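Below: one structure, written as structure tokens.
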Amino acid sequence: MSGGWITTKLNYVIGWGRKFSLFHYPFITACCGMEYMSTACAHWDFDRFGCGLTTFSPRQADLIMVVGTISQKEAPVLKTIYDQMCEPKWVLAVGACTLSGGIYDNYAVVQGIDNIIPVDVYVPGCPPRPETFLDAIVKLQEKIQNQEQEFRWKRRK
Amino acid sequence: MEKKKITEILKEKFPEEIKEISALLGDETVIIEREFLQDLCVYLMKTPHSFTMLLDLTCVDYIRDEMRFEMVYHLFSLASNDRLRIKIRLSEKDLRIDSLTPLWKNANWLEREVYDMFGVHFEGHPYLVRLFMYDGFEGHPLRKDYPLRKRQPIIPMRRKE
């Protein structure tokens, strides 16, 4: 039995564990938060996908959901919160304003949060429907499952 | 008998100071010089006209005019349910006007907003610093000559892969 098989299976198992235990930190600044709330509550209920636990400390979160307009004044706050999160971490950007500034093409608004932090899944819409939100979570889970997993004792190449 | 309009009363009382009055669909407006602003507001506030509320205070940038900025004050009378608008033209070179914070406390933040967005200096304001934009922001973003696509980020923008 080769070492490659164990590594692949370990990678798979860690990915499986991680994708169903996403603790998320809601960074909610604007009206897309309404869609977040309905997605989080009983009607659509994203706890079905294993990301129901909301943590209000970035240090305990795996996933940050950036929901709403990010102004230039707020950009350092978002960057700090992202830096405070422990690895591994993922970013979900929700809504047109977060992705590209949306209708706010002006002096005050960051034109897309990928100018500040790396984004894993983009959820377009103004605001996105809860179904879009759920679809994004499933897409993120696929990404987590298939990516190369990082962990503490991993041998570096 | 129909009630006399507040603009006409003011025009009779201060024929020199009030340059122009207008009324369109219930929007009574007086146009005055900036030196007369505080006296007029004290008069409107203390007399039985009772314009005791400052609803809003803002500025408009008419970039092509010589007297470029126009201050607009909206007053409301609780006694007579009247609204009054006061307009004052200011030139860009001499962008100063008396603060109304001694009369109305809510003028404090409104004037800070106008200072932030247009750069109008309010004399006698207790704490005239930017209200919305951050420290280090240059220029006044609601002026018409502020570049449309000019961004002043606080933290450096990362390079996208």
Side-chain angles (χ1 to χ4, degrees), chain A residues 27 29-30 58 64 66 68-85 87-124 139-140 143-144 146-148 150, chain B residues 56-65 68-72 90 92 95 106 108-122 125 127-161:
Chain A
F27 192 91
T29 54
I64 180 169
V66 186
T69 322
I70 302 297
S71 64
Q72 298 282 8
K73 209 172 176 177
E74 212 167 12
V77 180
L78 178 61
K79 174 81 176 139
T80 310
I81 284 180
Y82 178 76
D83 289 344
Q84 282 173 339
M85 289 167 66
E87 295 277 351
K89 56 190 173 186
W90 295 277
V91 179
L92 198 68
V94 180
C97 301
T98 319
L99 304 191
S100 66
I103 59 170
Y104 304 107
D105 185 6
N106 61 21
Y107 57 92
V109 175
V110 176
Q111 302 298 303
I113 63 156
D114 46 10
N115 287 312
I116 309 166
I117 56 177
V119 176
D120 289 291
V121 180
Y122 296 86
V123 189
K139 289 245 176 15
L140 180 68
K143 178 172 180 172
I144 294 169
N146 296 324
Q147 76 182 31
E148 170 135 12
E150 299 290 333
Chain B
D56 199 6
L57 176 171
T58 186
C59 187
V60 187
D61 184 359
Y62 294 98
I63 192 167
R64 291 198 182 87
D65 296 0
R68 182 175 156 185
F69 293 96
E70 186 176 67
M71 290 296 302
V72 187
L90 300 172
E92 191 180 358
L95 211 49
N106 67 326
N108 188 325
W109 278 28
L110 295 171
E111 285 175 351
R112 280 177 66 188
E113 180 189 351
V114 171
Y115 167 69
D116 191 354
M117 295 290 150
F118 293 94
V120 179
H121 286 267
F122 293 90
H125 192 283
Y127 186 61
L128 194 64
V129 297
R130 287 184 179 278
L131 180 66
F132 293 143
M133 305 316 290
Y134 33 90
D135 294 340
F137 191 88
E138 288 172 5
H140 301 284
L142 286 196
R143 285 191 180 187
K144 296 287 182 203
D145 53 5
Y146 186 86
L148 183 65
R149 293 281 155 80
K150 188 178 175 188
R151 305 282 189 267
Q152 303 186 31
I154 303 178
I155 53 171
M157 297 279 126
R158 66 187 276 274
R159 201 165 51 83
K160 287 182 213 175
E161 287 123 29

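Keep in mind that what you see is a predicted model, and the values were worked out from it rather than measured. Here is how names work: the chains are called A, B, and so on, in the same order as the sequence lines, proteins then strands, and each is numbered from 1.
With sequence neighbours left out, A/K143 forms a salt bridge (charged side-chain N to carboxylate O under 4.0 Å, His left out) with A/D120.
Put simply, the side chain of B/K150 does not reach to within 4.5 Å of the side chain of A/Y107, judged on heavy atoms. Between B/V60 and B/V72 the shortest side-chain heavy-atom distance falls below 4.5 Å.
Residue pairs meeting the salt bridge (charged side-chain N to carboxylate O under 4.0 Å, His left out) criterion with at least one member in residues 91-104 of chain A, sequence neighbours excluded, do not occur. Residue pairs that meet the salt bridge (charged side-chain N to carboxylate O under 4.0 Å, His left out) test with at least one member in residues 91-113 of chain A, sequence neighbours left out, are A/D105-B/R149, A/D105-B/R151.
For chain A, the nearby part of B/Y146 is the side chain; its heavy atoms alone come within less than 4.5 Å. For A/K79, the part sitting under 4.5 Å from any heavy atom of chain B is the side chain, from C-beta outward, and nothing else.
Taken to the nearest 0.5 Å, the SG atom of B/C59 stands 12.5 Å off from the CG atom of B/L110.
Ion pairing between B/R112 and B/D116 fails under the 4.0 Å rule for side-chain N and carboxylate O.
The stretch residues 133-140 of chain B places B/M133, B/Y134, B/F137 near chain A, each with some heavy atom under 4.5 Å from a heavy atom of that chain.
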